Amino acid sequence: KHSTTLKYIYLSDVECEPVPNEGTRCVVGVEALKALADAVAHNTSLISLLLSGVRTKLGDEAIEAFAQALEKNTTLRTLELGKDVTSRGIAALAAALKKNTSLYKLKYL
């Protein structure tokens with residue numbers, strides 16, 4: 001939250017277990033993602049956050065938390081989310097992008 005040197009977070013290298021027919025992925029809880037989103041909202045050095053390697057249904061709550069973070073954050077350039085983003089989540093992200101001027105890459109798988 002208060003780091004001034006952290007620039008990149010890639011959560012694709014978390015210790016994981018094999019998932020049949022999907023390779024190896026990880027599960028991160030919604031509460032942990034919401035806490036991360038809160039930290040991103042106030043961080044002034046992070047430029048890249050990649051969650052695309054994390055196996056989780058982000059859920060509307062987590063996506064909305066990241067949308068709120070995007071409204072406040074002015075340094076994040078890249079945000080890659082995992083899968084299962086719903087239309088509600090996309091609408092929240094779209095609304096946040098109206099206020100965010102730093103993000104140039106938003107990707108969800």
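All figures in this text were calculated on a predicted structure; none of them were measured in a lab. Just so you know, residue 1 is the first one in the sequence shown, and it goes up from there.
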S48 vs I9 side-chain heavy atoms within contact, under 4.5 Å: no
Which atom of T75 lies closest to which atom of S45, heavy atoms considered: OG1-N, 3.8 Å
Heavy-atom closest contact (K72 atom, A41 atom, distance): CB-O, 3.6 Å
E71/K98 salt bridge by N-O under 4.0 Å criterion: no
Donor-acceptor under 3.5 Å (N73 side chain, N43 main chain): yes
Non-hydrogen atoms of V40 and A69 that approach each other most closely: CG1-CB, 4.2 Å
Lys/Arg-Asp/Glu bridge criterion (N-O < 4.0 Å) met for E64, K34: no
Validation row: L93, L106 side chains within 4.5 angstrom (heavy atoms): yes
Side chains of K105 and E80 in contact at under 4.5 Å (non-hydrogen atoms): yes
Spacing of F66 atom CZ and L36 atom CG [to the nearest 0.5 Å]: 4.5 Å
Pairwise side-chain contact, T74 with T44, heavy-atom cut-off 4.5 Å (strictly under): no
Identified side chain to side chain contact (heavy atoms under 4.5 Å, CB included) partner of T78 from the options L49, L103, L50, I47: L50
Side-chain touch Y10/L51, heavy atoms, less than 4.5 angstrom: no
